[in-house]
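Throughout, a chain's letter reflects where its sequence line sits, starting with A, and its residues are numbered from 1. These numbers were taken from a predicted model, which means no experiment stands behind them.
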Amino acid sequence: MIVGEQKPIKEIMESVAPYKRVLILGCGTCVKTCFAGGEDEVEVLASALRLAFKTKKQRSIEIEELTIERQCENEFIQEAAAGIGRNDVVLSLACGAGVQAMAERFPAAPVLPGVNTTFIGIQDRPGIFSERCSGCGDCGLARFGGICPVTRCSKKLLNGPCGGSQNGKCEVDPSIDCAWHLIIERLTELGQLDNLKTYIPPKNWQTSTSGGPRKLVREDQII
Amino acid sequence: MSNDDMTIKPLSKLHEILLNGEFAVTGECGPPRGANREVIAKKAGLLKGFIDAVNVTDNQTAIVRMSSIAGAVHLIEAGLEPVMQMVVRDRNRIALQSDILGAYSMGIRNILCLSGDHQSFGSQPDALNVFDIDSLNLVRTVKDMRETGKDMSGFELDIAPAMFIGAAANPFADPFEYRVLRLAKKIDAGVDFIQTQCIYNMARFKQWIKMAREEGLTEKVYILGGVTPLKSAGMARYMNNKVAGMDIPDEIIKRMGSVPKEDAIEEGMKICLETIAELKELDGVSGVHIMAIEWEEKVGEIVKRAGLKK
Ligand code: SF4
Ligand code: SF4
């Protein structure tokens, strides 16, 4: 899933300050799962903002709450139209894709991000999320025992660990597992350590972000 | 790298010394945090006559310093042979290749290909890192330039750099069993010489060299063992805890702490000399790499007292 984290309330307050009527728009998919922008977070944020503006004795601010299933899909976006029409600004708690989808679909309405989109990852255990994939566009997981060095090695090394790996931890921070330690462990378990003898040539980053904004065309799905 | 093969033309002085089967001595020179070439000239003066080649670090610990290319050129002007370090942290493949061409055109003949310390260690942790290619890809690139005369795109270069290629190895990093496989991979990629991480844990180093010997790797690559003289027990503890990939056994730390403070430097020197003496006798070790960064005046003493004829 896409993992994100709600922006600090202070930053949100500054961004909505110029507006009178604010629609806080939640998204019911990824950001709900990571507790950043689902229905519950919309409700909590709305109360916090109302309270904060009240105690600051600034002019009143009206806040409307709404959460749709997915802000990144046209099919669901329309449900927000009426609410957007009634307000001056949309504070979207979706990921960066959701925020942009809303901005495209409703060009007349200012859309502000309320979440910092951080990574594509998983929930290791309740409340702990970690990154797994950088969407490089050419998945090499088969070689690495299902552990991605592009994303999980702090130096994106493809031919083995650097000299800083110690006790299974990355030199960058002892709270980070060394991806290469994990890869070697897993390949040893699978009896595939020989995989690592193969020299991996320089990665082609054209399929990743260095090729410019990416687009996927599925001829068979075009109507 | 068979020593009796007289057909091999040395690529650099360091290469020649190793080809002749002499025990090589390399040192290290950190360029200044500024544009003052005098700093390099001064360090060169301290090292000259004691060592065969000097590594010039490339923004070591991710702190901005004079470039390793410029530092290497200043060393050449001072009459020393540089080993230009190059990390893949800050430059993409276009910049790396371009700098290799430039370096060779300036007379630089040795290169050490490294990943580079992560920028989070340095003074500008907010920088974007590159890591377009890894250190092995860099080794292969320099090797291909030398062997095929082509750059990474396959373009035939006008004059192709023919550099003597080095890489680092850390026998003390984990996972241990994998470290020899990694060395083999570096050799396959085209490495000619290896400089190791500082050796304090001799037992582990010997085990690594033994495994390398058994795989026939010491026949294919020159290994220079790394040493750094310790100044105090505090420094030993600090390095052990804070420097990535460093392994200083307790008994060494205790030994440093067991002497009066004023004798600590001499004790560190003794440990260093004992290490060099063992390295000289060790099958598969071709030289020593003395890393005494910001303590260059110590190098001459080490070389003299270790009986490394220079
Ligand atoms: S190799 Fe690429 S696509 Fe596969 S997990 Fe890693 S970043 Fe994602
Ligand atoms: S310690 Fe491991 S994860 Fe960290 S940079 Fe080195 S190889 Fe990559």
J.: Taking the side chain as everything from C-beta on, heavy atoms only, tell me whether His118(B) gets closer than 4.5 Å to Lys155(A).
T.: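 Contact flag for His118(B)/Lys155(A) side chains = yes.
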J.: Does Gln206(A), at its CD atom, have more than 12 non-hydrogen atoms belonging to other residues, nucleotides or ligands within less than 6.0 Å?
T.: no
J.: Given a strict heavy-atom distance threshold of 4.5 Å, which part of Ser210(A) is in contact with chain B: side chain, backbone, both, or neither?
T.: neither
J.: I'd like to know whether CZ of Arg186(A) has more than 12 heavy-atom contacts from other residues, nucleotides or ligands below 6.0 angstrom.
T.: no
J.: Check each atom of Asn167(A) against the heavy atoms of chain B and say whether the ones under 4.5 Å are side chain, backbone, both or neither.
T.: both
J.: What part of Leu136(B) is in contact with chain A, defined as an atom under 4.5 angstrom from a non-hydrogen atom: side chain, backbone, both or neither?
T.: both
J.: Name the region of Arg89(B), side chain, backbone, both or neither, that has any atom closer than 4.5 Å to a heavy atom of chain A.
T.: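 Neither part, no heavy atoms under 4.5 Å.
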J.: Among Thr141(B), Asn170(B), Asp132(B), Asp117(B), which has the most heavy-atom pairs under 4.5 Å with chain A?
T.: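 Result: the option with the highest number of such pairs is Asp132(B).
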J.: Do Pro201(A) and Met152(B) come within less than 4.5 Å of each other through their side chains, counting heavy atoms only?
T.: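 They are not in contact (no side-chain heavy atoms under 4.5 Å apart), so the answer is no.
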J.: Please determine whether the number of non-hydrogen atoms from other residues, nucleotides or ligands lying under 6.0 Å from atom NZ of Lys210(B) exceeds 12.
T.: no
J.: What part of Ile184(A) lies closer than 4.5 angstrom to a heavy atom of chain B: side chain, backbone, both or neither?
T.: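 Just its side chain gets close to chain B.
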J.: So which atom in Phe131(B) and which in Trp205(A) form the shortest heavy-atom distance, rounded to 0.1 Å?
T.: O-CZ2, 4.1 Å
J.: Near Leu190(A) CG, under 6.0 Å, is it more than 12 heavy atoms from other residues, nucleotides or ligands?
T.: yes
J.: With rounding to the nearest 0.5 angstrom, report the CD to CG distance, Gln166(A) to Asp247(B).
T.: 6.5 Å
J.: By the definition side-chain contact (heavy atoms from CB on, under 4.5 Å), identify the one residue from Asp134(B), Ile133(B), Val139(B) that meets it with Asn159(A).
T.: Asp134(B)
J.: Rounded to the nearest 0.5 Å, how far apart are CG of Asp194(A) and CG of Leu181(B)?
T.: 7.5 Å
J.: Is any side-chain heavy atom of Tyr178(B) less than 4.5 Å from a side-chain heavy atom of Leu196(A)?
T.: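 Result yes, sub-4.5 Å side-chain heavy-atom pair found.
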J.: Quick check on the interface: out of Lys203(A), His181(A), Lys169(A), Lys197(A), who has the most heavy-atom pairs with chain B under 4.5 Å?
T.: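 Option with the top pair count is Lys197(A).
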J.: For Pro202(A), which atoms come within 4.5 Å of any heavy atom of chain B: side chain, backbone, both, or neither?
T.: both
J.: If you tally heavy-atom pairs under 4.5 Å against chain A, which of Gln197(B), Lys186(B), Arg93(B), Gln119(B) wins?
T.: Arg93(B)
J.: If you compare all heavy atoms of Pro161(A) against all heavy atoms of Arg179(B), which two are closest, and at what distance to 0.1 Å?
T.: CG-NH2, 3.4 Å
J.: What's the verdict on side-chain contact (heavy atoms from CB on, under 4.5 Å) for Trp180(A) and Arg182(B), showing C-alpha distance, side-chain angles and the deciding distance?
T.: CA-CA 12 Å; Trp180(A) 273 101; Arg182(B) 176 128 176 92; over 6 Å; no
J.: As an exercise, state the distance from OG of Ser115(B) to CG of Leu157(A), rounded to the nearest 0.5 Å.
T.: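 Ser115(B) atom OG to Leu157(A) atom CG measures 5.0 Å (nearest 0.5 Å).
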J.: Hey, could you give me the CD/CE distance between Glu171(A) and Met246(B), rounded to the nearest 0.5 Å?
T.: 12.0 Å
J.: Quick one: what part of Val88(B) sits under 4.5 Å from any heavy atom of chain A, side chain, backbone, both or neither?
T.: neither
